[in-house]
Amino acid sequence: MAVAREAEPVGSLSEVREAGLDREDLLGVYRNMVLTRGIEERGHILYRQGKIPGSFYTGRGNEAASVGIATAMGADDVGTPLHRDMGVHIVKGVEPWRIFAQYMGRADGPTKGRDGNVHMADSKLGLIAMVSHLPAMLPVAVGCALAFRIREEKRVAVGWFGEGASARGDCHEAMTLAGVRKLPMVFVCDNNQWAYSTPSHLEFATEHVADRAEAYGFEGIVVDGTDVLAVYREARRAIEKARSGGGPTLIESVTLRMEGHAVHDDAFYVPKEMMERWAESDPIESFRTWLRTNADMTDAEEEEITGEVKRTLNEALRRADESPLPDASSLTEGVYASPEDLDTPHHK
Amino acid sequence: MAVAREAEPVGSLSEVREAGLDREDLLGVYRNMVLTRGIEERGHILYRQGKIPGSFYTGRGNEAASVGIATAMGADDVGTPLHRDMGVHIVKGVEPWRIFAQYMGRADGPTKGRDGNVHMADSKLGLIAMVSHLPAMLPVAVGCALAFRIREEKRVAVGWFGEGASARGDCHEAMTLAGVRKLPMVFVCDNNQWAYSTPSHLEFATEHVADRAEAYGFEGIVVDGTDVLAVYREARRAIEKARSGGGPTLIESVTLRMEGHAVHDDAFYVPKEMMERWAESDPIESFRTWLRTNADMTDAEEEEITGEVKRTLNEALRRADESPLPDASSLTEGVYASPEDLDTPHHK
Amino acid sequence: MAELTYLQAISDGLRTEMRRDKRVFVIGEDVGVYGGAFKVTLGFQEEFGHWRVLDAPLAETAIVGACTGAAIMGMRPVAEMQFADFISCAWDHLVTVAAKQRYRAGTPVPITVRLPSGGGFSGGPFHSQNPESSFAHIPGLKCVCPATPEDAKGLLISAIEDPNPVLYFEHKHLYRRIKGEVPEERYTIPLGKARTHREGDDISVITWGAMVHTADEAAQQLDADGVSVEIIDLRTVMPWDKAAVLGSARKTSKVLVLHEDTRTGGFGAEIAATVAEEAFEDLDGPVKRIAAPDTPVPFSPPLEKAFIPQVDGVVAGLRELAEY
Amino acid sequence: MAELTYLQAISDGLRTEMRRDKRVFVIGEDVGVYGGAFKVTLGFQEEFGHWRVLDAPLAETAIVGACTGAAIMGMRPVAEMQFADFISCAWDHLVTVAAKQRYRAGTPVPITVRLPSGGGFSGGPFHSQNPESSFAHIPGLKCVCPATPEDAKGLLISAIEDPNPVLYFEHKHLYRRIKGEVPEERYTIPLGKARTHREGDDISVITWGAMVHTADEAAQQLDADGVSVEIIDLRTVMPWDKAAVLGSARKTSKVLVLHEDTRTGGFGAEIAATVAEEAFEDLDGPVKRIAAPDTPVPFSPPLEKAFIPQVDGVVAGLRELAEY
Ligand SMILES: Cc1ncc(C[n+]2csc(CCOP(=O)(O)OP(=O)(O)O)c2C)c(N)n1
Ligand SMILES: Cc1ncc(C[n+]2csc(CCOP(=O)(O)OP(=O)(O)O)c2C)c(N)n1
Ligand SMILES: [Mg+2]
Ligand SMILES: [Mg+2]
């Protein structure tokens, strides 16, 4: 049985410097992880307050993976993050208040209340809004990579999918096209070991999703998704490989979904010991410890970060709450695009 | 790069006996191959005579593969053969005149003129009629295997697909489900190296389609599709493995499509040398030689076979030509099934 | 007779059929251990075992396609889509293979696909759709849209028994909101026979699914104006009960067609066009359609409320027709 | 002006746009070396290179989905389906992603999908279909169905230029049968404006694609009876030119809707229902529909001939309306 390469953890600060991050960057990475979790925790509160219509999903446990990958992306690289990848939006710079507005279905959310949850993206930041259907965004991400290849731009597209969604045809067709054309593409599998209540062995028959990469003619890598630096390093390698014409890579980031599938789900089907074991490798806590031991993060620095995040969140909530609900009169606007809509940097 | 097992050619008569075929069977196999080609050659003539509406496809070069696989199937095994697999229908025992009637859109064709070409099957023989969409029949074949598994019947389903169609999502979803549930299923890839005008390297990025089998948790085998005995032996092994609970196998049968994609296509895009090289290993000619050297097939036996086939074809053509075109009044009948239609052996 | 919710009636129907006929099995995402996203199959795996209640991979074509294969082998598969919206991923299989196999090859495909559909709770563009119109246009498929608990059970059993591919649209907004008397024993309700939900003389409303209840509320308000509204619940959109619809149209000579799916090219157009053509002489006013506007289903409450036909809108439409 | 076949006009339009706009590229099965199953892109790979004329894997979702991604990155992709029938394999992508991205996320998806469609040459159930009705029901998609060489070129260029996902249905039976004058220069024809194919006073025929020519033959026969038939060629089914249709209906007060796709739930129902509702006062007879019966497209000539609406049937329908 062919097995994808298993990535080593990252050791020292110097090793991280090689990978392209200085101490300042590392504190920024930590801050983004804390902010990512903060947004989803506040979301939970909003939900319990009845301020979020419909259902509510979070990526608790996936903060290192989403922040790590996004940190490795270049400013002109693009991606299609999913419902566990809030960190990608954060790193790319979406304003938190707009996320809360989105959660609450307000007019200032990126989708103006037309879609909910993290079904949103700021195209100016190089992100494309996900649909519910999984993994329907993979062929789209591959199309972005195709455009870069046709125009001979040194840009890379990143496409996310869950280990469960790896069973769908879209995943296969996207990887097939990317593989035969050696497109500048990185596939990221958020393997959180559960697809709603379905365990991995009922979704795919290999040990790792990444073991499938070679069936598409490219490399597969398995990385500990709770280790932000390892994720970053592998993503960086894969992205630069793609950028320099080396073709796609499939990175499988292994985590555990630390909450139910969505807010309504108590995840009774996940063994208690499994939860406890993974709770010990909380991505934020682990990185905090790492920063303390390897980068001498001081109490002051830490408080600075948690304080700034807290202020950001409070301010964001206040501002989001001021945003009105969309007016019913806007319902039928913009089903079809008009030529002016193409007046974007992409469409010159 | 993981490579599927490459099957050895079959040597001696004794070796074949082990594989379950005695001398009589071998002559029968030869006869079925000759008949398979005969039917498609006569089809060509009918087409040139303007007696076949629409387009016309053949499986020239694939006679060993289709006959070899079908010969290895048990009486209760089922399958979804495609447009290169006429031999499967022949081995299973469809009456040749009904095939000609089908070609000509006559009322006595298996589809009563509602579909054409080899878009037909006799369900009583355990075959399910293909659709054009490739490889849409694979999930259906997997469903047959699922039924056998649920009912704990020792039956096997065989699903065919082309190397080009391996790119489609249906192929992935079918193999995924068969793999995770270890269903009694054999996947057969007719790899004739071309998908219409598209070469394999634009369809998949591995050396062999069978290299993908392990991505689904089962074994992949590459066999020379012009060697009927090797195909038979590998199919037999895979089918009996599936029957005894060993799960699926993917058999890739490598041939060359020895004609255009369909009758209208002169295949200008296929290198001349490639055609010439493969012409040397014509499956029927090779097996004839093998029978002569290893089973002392006599002139008498050979003439007996060619004569019988010829008579069968003439008689079949005559009878098919007597079959009327369907009456327009039958157009709207049977879009929906009625309860009586379920009165079949399967539906007890 | 027990009082059951619409959801319980669906479970009851499925359980009844699985106990009676061992050819019936269920396959879908999270239908086993979890009992399905809406708990329709809760406890089924314990009762019927792992091989008759299968947790499938996240692969709708594999799920529905496998049902077709199993059905051809003599089983009576019931597939669950986690949400009706995801049936789009099995579209090709249904229209290409399942719908046409009987006509082409004489091979019946007795499968049932359960589709939790409809909006009303901010499910957003991908958890709220009513895709029945798209399938009703495909010859070879049947589309069932129950509005009451009693119909939910009887129509589900009929769907499973039917020798054709049947799409069973169960409206999520009715799951726990609608209760009713449901016979405990097994019974079937014929596919293709409408139900007169409410007798009336002045205007006919032709509808199905959740809109039957919207129409009912509206009809009560019209009573106040002394306008008597008849409500025909189609029950099944394909086949649809043309005779019942034309009968009601000829009786009232005014017709309103109402559905939750979007308007343009929705199945309401087929009904309106048929009534307008075949009851031309009998109509005292144009056949009116009320349906969702031509947009995706929006998430935010004020937008969704404006999207899904509401009682007020139906009342206004009925008044217009009454005054015509 | 040169005289071109419908097929040549399509090639000409595509070539014109690819020469003018380097963002335009073509992707599909066998579109490169082979020039496409119908040779529409013959010689394109030589002229535009391997990366603007891409031979794709046999994977429709990858093809159309990749077009969407490339379009969002600023390209103007044109996908070719080998036959329109195979678009069923990209259904989910089109209705779920392409159709809704603008409304949900404000992201336009300017892609064009070319669909060789229609029957008439024993293509059988999977090489003859006219799937435009299914897509016309999905908000966010546009459906173009040219009937003449001049329209084929102008509408294709408009489709590529349009900022939305456009399905361009090119009728295979017109490819080499229909010739006409086509301007050499680049020109566009607005999506949503019908063309009066034939002026008349007594009956309006609303149709598109190959049926325009069937209607034309029928209209000539009606002339003999002294009945003057107007033919409105919709050109684009979504958006459809309601004003032109209602205008013609009000003028003639008798309407026949004609299409090659199957009848029940076909887009003709939308047109008939709309005319019957909005021109209710102006109609002197019921709006009639002529379309294929509700079956798959059969292979054998006598069956296919009975399936596809023929001139005789249209003549009979027109006479019925005339006598009404
Ligand atoms: C095509 C499709 N089918 C079904 C669903 C319903 N659904 C939503 S999330 C989910 C599980 C997804 O599992 P996985 O891909 O592992 O992602 P995760 O939620 O675990 O991150 C399912 C079945 C869907 N979104 N899309
Ligand atoms: C889903 C789908 N897309 C496109 C086609 C058109 N088509 C018919 S055969 C063919 C090539 C198939 O190649 P392969 O799978 O290798 O089978 P082969 O014909 O070579 O045996 C194509 C593209 C099809 N039949 N189905
Ligand atoms: Mg998961
Ligand atoms: Mg091939």
Side-chain angles (χ1 to χ4, degrees), chain A residues 78 80 110-112 114-115 119-123 127-133 136-153 155 157 159 168-170 172-181 183 332-342 344-348, chain D residues 22-25 27 49-52 54-77 79 89-90 92-93 95-111 138-142 161-166 191-192 238-239:
Chain A
V78 303
T80 56
T111 67
K112 304 193 174 77
R114 289 169 171 196
D115 207 340
H119 291 195
M120 56 163 210
D122 184 339
S123 60
L127 301 180
I128 301 174
M130 70 177 283
V131 296
S132 289
H133 295 49
M137 300 310 292
L138 286 184
V140 176
V142 169
C144 298
L146 178 60
F148 302 153
R149 177 64 186 80
I150 292 171
R151 297 193 300 235
E152 295 179 335
E153 297 171 348
R155 298 167 65 185
R168 271 210 63 233
D170 287 15
H172 177 71
E173 295 196 12
M175 291 186 181
T176 295
L177 179 57
V180 296
R181 292 288 180 169
L183 299 178
T332 57
E333 289 164 15
V335 174
Y336 290 90
S338 55
E340 309 75 67
D341 295 324
L342 293 180
T344 73
H346 291 314
H347 289 272
K348 284 302 158 231
Chain D
K22 62 181 201 334
R23 300 170 307 175
V24 180
F25 72 93
I27 182 168
H50 283 72
W51 284 101
R52 281 184 73 198
L54 292 126
D55 276 320
L58 203 169
E60 282 72 14
T61 295
I63 292 168
V64 184
C67 286
T68 292
I72 293 172
M73 292 299 109
M75 302 296 282
R76 288 289 183 283
C89 300
D92 174 58
H93 173 79
V95 308
T96 300
V97 183
K100 298 177 172 61
Q101 207 69 5
R102 169 62 183 85
Y103 184 79
R104 293 168 54 241
T107 311
V109 178
I111 64 173
I138 308 299
L141 302 178
K142 293 188 177 182
E161 212 178 47
D162 194 275
N164 296 286
V166 181
L191 307 186
M238 182 54 56

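So you know, we letter chains A, B, ... as the sequences are listed, proteins then strands, and number each from 1.
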Whether the side chain of [X] engages the backbone of [Y] through a donor-acceptor N/O pair (distance < 3.5 Å, no angle test) should be reported.
X	Y	value
D:Glu161	A:Pro339	no
D:Arg104	A:Met130	yes
A:Tyr336	D:Tyr103	no

If you count heavy-atom pairs under 4.5 Å with chain D, which of [options] comes out on top?
options	result
A:Ile128, A:Val180, A:Val140	A:Val140
A:Ala147, A:Gly169, A:Gly334	A:Gly334
A:Ser338, A:Ala121, A:Ala174, A:Ala145	A:Ser338

Suppose we screen for side-chain contact (heavy atoms from CB on, under 4.5 Å). Which residues come up paired with A:Ser132, at least two apart in sequence or across chains?
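Counting only residues at least two positions away or on another chain, A:Ser132 forms a side-chain contact (heavy atoms from CB on, under 4.5 Å) with A:His119, C:Phe86, C:Phe126, C:His127.
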Residues which pass side-chain contact (heavy atoms from CB on, under 4.5 Å) with D:Pro77, listed by chain and number, not counting sequence neighbours
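Checked D:Pro77 against side-chain contact (heavy atoms from CB on, under 4.5 Å); matches are D:Phe25, D:Cys67, D:Ala70, D:Ala71, D:Met75, D:Ile111.
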Do [X] and [Y] make a side-chain contact, defined as non-hydrogen atoms from C-beta onward lying under 4.5 Å apart?
X	Y	result
D:Met73	A:Arg155	yes
D:Ile72	A:Val78	no
A:Asp170	D:His93	no
D:Ile63	A:Glu173	no

Report which part of [X] has an atom under 4.5 Å of a heavy atom belonging to chain D: side chain, backbone, both, or neither.
X	answer
A:Glu333	backbone
A:Ala136	both
A:Leu183	side chain
A:Val335	both

Sort out for me which of D:Val64, D:Thr107, D:Ile27, D:Leu141 touches chain A most, counting heavy-atom pairs under 4.5 Å.
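Looking at each option in turn, the highest pair count goes to D:Leu141.
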Taking every heavy-atom pair that is under 4.5 Å apart, which of D:Val109, D:Asp162, D:Leu54 has the most such pairs with chain A?
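Ranked by contacts with chain A, first place is D:Leu54.
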Which pair of non-hydrogen atoms, one from [X] and one from [Y], has the smallest distance, and what is that distance?
X	Y	value
A:Ala337	D:Asn164	N-OD1, 2.6 Å
D:Asp55	A:Arg181	O-NH2, 2.8 Å
A:Leu342	D:Pro163	CD1-CB, 3.6 Å

Answer yes or no: are there more than 12 heavy-atom neighbours, outside A:Lys112 itself, under 6.0 Å from its atom NZ?
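It does not: A:Lys112 NZ has 12 such atoms or fewer within range.
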Just how far is it from atom CD of D:Gln101 to atom CG of A:Asp115, taken to the nearest 0.5 Å?
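The CD atom of D:Gln101 sits 9.0 Å away from the CG atom of A:Asp115.
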When rounded to the nearest 0.5 angstrom, what distance separates OG1 in D:Thr68 from CE in A:Met137?
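Answer for the OG1-CE pair, D:Thr68 versus A:Met137, is 8.5 Å.
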Proximal component of D:Leu58, with respect to chain A [non-hydrogen, under 4.5 Å]
neither
Evaluate A:His133 against D:Val97 for side chain to side chain contact (heavy atoms under 4.5 Å, CB included), listing each step before the verdict.
CA-CA 9 Å; A:His133 295 49; D:Val97 183; over 6 Å; no
